[in-house]
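Comments concern the structure below.
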Amino acid sequence: MERALRDVRVLDFTQALAGPFATMLLADLGAEVIKIEPPGSRHEIASPMAYQGMHFYFLSVNRNKKSVALDVRRPEGRDVLYDLVRVSDVVIDNARPGVPARLGIDHQTLSAINPRIICTSITGFGDAGPCRDLPAYDLTVQAMTGAVSIGGNPGERPVRNAVPVADQGAAFIAVAGTLAALWERERTGVGQRVETSLFAATLYQMAYEVALYTVTGHVQRNIGSSHVVALPYGIYETADGWIAIAAPFRFDALCCVIERPELVTDPRFDKMDKLALNREALDRELQEAFRARATAEWLRLLHEADVPCAPVNDLAEALRHPQVEATNMVARVPHVRGGEVRLVGTPLKLSRTPEAARAEHTSPPLLGQHTREVLTDLLGYDEGHLAELAERNVIAFADA
């Protein structure tokens, strides 16, 4: 069944998280994503964290892709690569600045071979500035951009957002930029370079925090699960667990549910700006009320009153929630060596892509699993040529 990006071919030079997360989304949308991996770069592992020799981390972001084991550092490997570039649309990497040029996969080099090629790069800090060549990890970028200073509770150690917002934010932005470049190519016939960074992507996601500072001069610091202006907004202990409340526009209804209607007219809380000024007092009042009943009972009462709320689930509880099944957000992906793994589903639903097609996934590939298929079908290489390249260790094939 056909998917939206079925005619787009992507050469994937990514590793770790940000890059593979971006190319997985493109693959989920139907692009043919071909991972270019050095021969011998991956090994099977025996670990409780692996399935059929593949680490869960690799499994999590590499479904629906093909793998070609190719050493592009060697002249013969570059020749193969450039043959692939001639029949491809996009090349994606997430290396440090300067590395693509050393490998011969930079836009200047590749556009001379294929003027329609789009080269997308995800870097740590961008192509300019004093941090250009520094290593970047999600934690260090969150810390540097100020994101960590906002998390955590007042007076406690700052806390990184447990979801890797720097890595995955950069991935989403890279995909958006790639799609924009593909759309522009439809008009101009010419490709271009697309670049984003973990640093820029994280700041971009802090749009209202940045505006709050530039407009008011207020530096937002550790406010835990609260909100700088929209209150009540927080997590409260119940008789048997925890509940999340986000009710800045349903404060009156919330007060009725907890049987404290007088709080609505309390001079500390009778206006939105007063709620923010007196957040500690508000939290004490709400916390005292929520300890009186169990989470399930509060959820029932709050839902009846249309007050935004949720249980604080662990991941196992979250994945058992019927909403996950209703939206197909856990995908059963067959493994090339047998059995299946359950991975996060695709969050985009396109009405012209049938549900059956959206639900179809192929296994994260073995290293070199598609070397023969890709070089034969796309480039027309014969067995003699493949054997010669393999003999020189320029390419490799997956073990059976």
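Because only heavy atoms are used, hydrogens play no part in the values below, and waters and symmetry mates are left out as well, while side chains stay in.
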Indicate whether any N or O donor in one side chain lies under 3.5 Å from an N or O acceptor in the other, for Thr295 and Asp240.
yes
Between Asp270 and Thr265: side-chain donor-acceptor atoms closer than 3.5 Å
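Note: Asp270 and Thr265 side chains miss the donor-acceptor criterion.
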Using the rule that Ile, Leu, Val, Met, Phe, Trp and Tyr join whenever any side-chain heavy atoms are under 4.5 Å apart, tell me whether [X] and [Y] fall into a single cluster.
X: Ile258; Y: Leu302; result: yes
X: Leu343; Y: Met24; result: no
X: Leu348; Y: Leu5; result: yes

Please step through side chain to side chain contact (heavy atoms under 4.5 Å, CB included) for the pair Glu388 and Glu76, ending with a clear verdict.
CA-CA 10 Å; Glu388 182 180 353; Glu76 305 98 317; over 6 Å; no
Hits for ring pair (Phe, Tyr, Trp, His ring centres under 6.0 Å) against Phe397, two or more places apart or cross-chain, chain-then-number order -> none
To the nearest 0.5 Å, tell me how far [X] [atom1] sits from [Y] [atom2].
X: Thr327; Y: His321; atom1: OG1; atom2: NE2; answer: 10.0 Å
X: Asp12; Y: Ser88; atom1: CG; atom2: OG; answer: 11.5 Å
X: Asp167; Y: Leu17; atom1: CG; atom2: CG; answer: 4.5 Å

Closest heavy-atom pair and its distance - [X], [Y]:
X: His107; Y: Ile117; value: NE2-O, 3.6 Å
X: Ala276; Y: Val228; value: CB-O, 3.8 Å
X: Gln142; Y: Asn161; value: OE1-N, 2.9 Å
X: Val307; Y: Leu254; value: CG2-N, 3.9 Å
X: Ala246; Y: Pro308; value: O-CB, 3.0 Å
X: Leu70; Y: Leu81; value: CD2-N, 4.0 Å

Which atom pairs, donor and acceptor, lie under 3.5 Å between side-chain atoms of residues 146-157 and protein residues at least two apart or in another chain?
| unit_1 | atom_1 | unit_2 | atom_2 | d |
| --- | --- | --- | --- | --- |
| Ser149 | OG | Gly146 | O | 2.6 |

Donor-acceptor pair, side chain of [X] and main chain of [Y], under 3.5 angstrom:
X: Asp89; Y: Val10; value: no
X: Arg3; Y: Asp28; value: yes
X: Arg279; Y: Ser226; value: no
X: Tyr204; Y: Gly169; value: no
X: Gln192; Y: Ala181; value: no
X: Thr216; Y: Tyr213; value: no
X: Arg332; Y: His361; value: no
X: Arg78; Y: Val72; value: yes
X: Asn64; Y: Thr362; value: yes
X: Asp71; Y: Pro38; value: no

Can you list the steps and then say if Glu288 with Arg284 is a salt bridge (charged side-chain N to carboxylate O under 4.0 Å, His left out)?
CA-CA 6 Å; Glu288 180 181 354; Arg284 286 194 296 271; over 6 Å; no
Taking only residues at least two apart or on different chains, which pairs with a member in residues 124-136 satisfy side chain to side chain donor-acceptor pair (under 3.5 Å)?
Asp127-Arg193
Per the side chain to side chain donor-acceptor pair (under 3.5 Å) rule, what does the pair list look like for residues 244-260, sequence neighbours excluded?
Glu259-Arg293, Arg260-Glu262, Arg260-Glu285
What ring pair (Phe, Tyr, Trp, His ring centres under 6.0 Å) pairs are there with at least one residue in residues 7-63, not counting sequence neighbours?
Phe21-Phe172, Tyr51-His335
Can you establish whether the number of heavy atoms outside Tyr233 located under 6.0 Å from its atom OH is more than 12?
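At most 12 heavy atoms, drawn from other residues, nucleotides or ligands, come within 6.0 Å of this atom.
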Look at atom CD of Gln220 and say whether more than 12 heavy atoms of other residues, nucleotides or ligands are closer to it than 6.0 Å.
yes
Which pairs would a plain distance check flag for residues 364-373, meaning a side-chain donor or acceptor within less than 3.5 Å of a matching protein atom at least two apart in sequence or in another chain?
| unit_1 | atom_1 | unit_2 | atom_2 | d |
| --- | --- | --- | --- | --- |
| Gln369 | OE1 | Leu366 | N | 2.9 |
| His370 | ND1 | Ser67 | N | 3.0 |
| Thr371 | OG1 | Ala69 | N | 3.0 |
| Thr371 | OG1 | Gly368 | O | 3.2 |
| Thr371 | OG1 | Ala396 | O | 2.8 |
| Arg372 | NE | Glu383 | OE2 | 3.1 |
| Glu373 | OE2 | Lys66 | NZ | 3.0 |

What I'd like to find out is whether the side chain of Val8 reaches to under 4.5 Å of the side chain of Leu26, using heavy atoms alone.
no
Parallel, tilted or perpendicular, as decided by the 30° and 60° cut-offs, for the rings of Trp298 and Phe290
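Phe290 vs Trp298 ring planes: perpendicular.
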Short N-O contact, Asp266 and Arg268, less than 4.0 angstrom:
yes
